[in-house]
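Values below: all heavy atoms of this structure, side chains included; hydrogens, waters and symmetry mates excluded.
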Amino acid sequence: MSIDWAEINAKLPSDRADKELRKQLFSQFDPNGNGFLSLAEVDKGVRDVLGLDEIFDAKPAIMRAFQIAKNVTKSKSSVGDDYIEFKEFRYFLLSLRQYFEYYEAFSRIDAGDDKRIELEEFVSSIELIEKWVGKIDDPEAEFSSIDENGGGFILFDEFCAWAISKSLDLDDDED
C-alpha cells in the first residue's frame with residue numbers, strides 16, 4: 001500500500017499559522033463541546049473528521065501520540081491531565097504524524113504482521129533500515145539494544161524509543 005504523505009500532511013495542520021484551522025478541527029473532534037478530547041474522540045476524529053484510514057488503522061501510533069500530547073502541559077482542570085485540551089492539540093497532530101511514520105517503518109520490517117519484530121526480520125531488513133537511520137555495524141547487537149525488556153522481539157514502544165534516538169526518517173515520506 002502506498003501512503004499519500006502529502007494528503008496526510010495537509011490534513012494535520014500543525015504549523016503555527018494554522019491555529020484557526022486547528023480550532024475548527026478541534027471543535028469537530030469534540031462533539032460534546034467540553035473542551036477535552038478522550039482517546040475515543042481522537043480515534044473517531046481521525047476516522048470521521050480527517051478521513052485518514054491509514055492512520056485510523058495504526059492504533060499504536062494514535063495511542064502513543066495521545067499519551068504524549070495529553071501530558072505536554074499541566075491542566076488547570078481536575079480531569080484535564082487524562083485528556084487532550086486545545087493547547088495540546090497542535091502537539092498531538094505533530095506527534096500523530098511522527099508516530100505514524102514510525103508505525104509505517106515498523107510495519108515494513110514486521111514481515112510476519114504479528115505486531116513485533118523478530119531478530120530474523122530485523123536482520124533481513126537491515127539495508128532498508130540503514131536507509132532510514134544510517135549505518136548499523138552489528139545488526140544483532142543493535143536488535144538486542146532495542147529489545148529493552150529482553151523478550152526476544154521488538155515491540156512498537158521499544159521501536160519508537162530507538163527510532164527517536166536514531167532520528168529515523170522514511171525515505172519515501174514528505175517531511
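The pair Lys59-Asp43 meets the salt-bridge criterion, since a charged nitrogen lies less than 4.0 angstrom from a carboxylate oxygen. Salt-bridge check for Asp147 with Arg116: failed, with every basic side-chain N at 4.0 Å or more from each acidic carboxylate O. With salt bridges taken as basic N to acidic carboxylate O contacts below 4.0 Å, one links Asp157 and Arg64. Using a 4.0 Å cut-off between a side-chain N of Lys or Arg and a carboxylate O of Asp or Glu, Lys44 and Glu41 do not qualify as a salt bridge. A salt bridge links Asp172 to Arg108: at least one charged side-chain nitrogen sits closer than 4.0 Å to a carboxylate oxygen.
No side-chain heavy atom of Leu50 sits under 4.5 Å from any side-chain heavy atom of Gln28. The side-chain heavy atoms of Ile68 and Phe92, taken from C-beta on, include no pair separated by under 4.5 Å. In this structure, the side chains of Ile164 and Gln98 stay at 4.5 Å or more apart for every pair of heavy atoms. Contact annotation: the side chain of Leu37 never approaches that of Tyr83 to less than 4.5 Å [non-hydrogen atoms, C-beta and beyond]. Arg22 has its side chain within reach of Phe86: a pair of non-hydrogen atoms, C-beta onward, lies under 4.5 Å apart. With a 4.5 Å cut-off on side-chain heavy atoms, Phe89 and Leu25 count as touching.
Enclosure of atom CD in Glu120 is not indicated, since only 12 or fewer non-hydrogen atoms of other residues, nucleotides or ligands lie within 6.0 angstrom.
Asn71 places a side-chain N or O within 3.5 Å of a backbone atom of Gln67 that can act as its donor or acceptor partner. In this structure a side-chain-to-backbone donor-acceptor pair under 3.5 Å is missing from Glu101 to Asp173. With hydrogens and angles ignored, the 3.5 Å screen pairs no side-chain donor or acceptor of Lys70 with any backbone N or O of Ile84. A donor-acceptor pair is defined here as one N or O able to donate and one able to accept, closer than 3.5 Å; such a pair exists between the side chain of Glu121 and the backbone of Gly112. Looking only at distances, no side-chain donor or acceptor of Asp110 sits under 3.5 Å from a matching main-chain atom of Ile117. Proximity of a side-chain donor or acceptor of Ser144 to a complementary backbone N or O of Glu140 within less than 3.5 Å is detected. Between the side chain of Gln24 and the backbone N or O of Leu21 there is no donor-acceptor pair closer than 3.5 Å.
Atoms CD and CG, from Glu7 and Leu12 in turn, are 10.0 Å apart once rounded to the nearest 0.5 Å. Residue Leu119 holds its CG atom at 8.5 Å from CD1 of Ile154, rounded to the nearest 0.5 Å. Taken to the nearest 0.5 Å, the CD1 atom of Ile146 stands 9.0 Å off from the CD atom of Glu158.
Phe153 has its ring centre no less than 6.0 Å from the ring centre of Phe122. Taking the ring centroids of Phe29 and Phe26, they lie at or beyond the 6.0 Å cut-off.
Linking ILVMFWY side-chain heavy atoms closer than 4.5 Å, directly or via other members, places Leu96 and Leu94 in two distinct hydrophobic clusters. Cluster membership check: Leu128 shares its hydrophobic cluster with Phe156, using side-chain heavy-atom separations under 4.5 Å among Ile, Leu, Val, Met, Phe, Trp and Tyr. Cluster annotation: Tyr99 and Val72 are assigned to the same hydrophobic cluster (Ile/Leu/Val/Met/Phe/Trp/Tyr, side-chain heavy-atom contacts under 4.5 Å, transitive). Under the 4.5 Å side-chain heavy-atom criterion for Ile, Leu, Val, Met, Phe, Trp and Tyr, Val123 and Leu155 are members of distinct hydrophobic clusters.
Both tests pass for Arg47 against the ring of Phe56: distance under 6.0 Å to the centre and angle within 45° of the axis.
In this structure, a donor-acceptor pair under 3.5 Å is absent between the side chains of Glu148 and Trp162.
When all heavy atoms of Leu93 and Pro13 are compared, the closest pair comes out as CD1-O, 3.5 Å. Here the closest heavy-atom approach between residue Ala69 and residue Tyr91 is recorded as CA-CD2, 3.8 Å. Nearest heavy atoms, Asp15 versus Arg90: C-NE, 4.0 Å. Phe66 and Ser38 get closest at one heavy-atom pair: CE1-C, 3.6 Å. Pairing each heavy atom of Gly35 with each of Asp30, the nearest pair is N-OD2, 2.8 Å.
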Which side-chain N or O atoms in residues 129-137 pair as donor and acceptor under 3.5 Å with protein atoms at least two apart or in another chain?
unit_1 : atom_1 : unit_2 : atom_2 : d
Glu130 : OE2    : Ile136 : N      : 2.9
Trp132 : NE1    : Asp171 : OD1    : 3.4

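Ring geometry for Trp5 against Phe100 counts as tilted: the plane angle lies between 30° and 60°, on a 0 to 90° scale.
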